[in-house]
Amino acid sequence: MKHIVKLLALLVAVSAFWIGLLETVIPRSYAWLLPVYFVVSLGCYGLLMVGVGLMHFPTCPQEAVLLQQDIAEAKEFLKQRGVDVDYD
């Protein structure tokens, strides 16, 4: 419930700020587009954060070796149970 109140308070504050901008000396054509600019800039920020996260994604060679070992163990276990898992 607290999060809803915070979100509503933020929405009211942003709305009041936007309405205040509509009533000031800023031309109406610019002020009406502020929500669109906000959404576009938020999308660009999100894409930037995804890109930065992918650039800094850690490679773990030790974990890759452990994963290959786990796969080999699982194949051996399934072969013992009579399941054909080889693709050759």
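- Criterion: ILVMFWY side-chain heavy atoms under 4.5 Å apart, direct or through other members. Under it, Tyr37 and Phe17 are part of a common hydrophobic cluster.
- Here Val50 pairs with Leu54 under the side-chain contact (heavy atoms from CB on, under 4.5 Å) rule; sequence neighbours left out.
- Hydrophobic clustering (side-chain heavy atoms under 4.5 Å, transitive across Ile, Leu, Val, Met, Phe, Trp, Tyr) keeps Leu10 apart from Val5.
- Summarising the geometry, atom CG belonging to Leu47 is positioned 10.0 Å from atom CG belonging to Leu42; distances are rounded to the nearest 0.5 Å.
- The distance from atom CG of Leu78 to atom CD of Glu73, rounded to the nearest 0.5 Å, is 12.0 Å.
- Clustering ILVMFWY residues whenever any of their side-chain heavy atoms sit less than 4.5 angstrom apart, transitively, puts Tyr45 in a cluster other than the one holding Val39.
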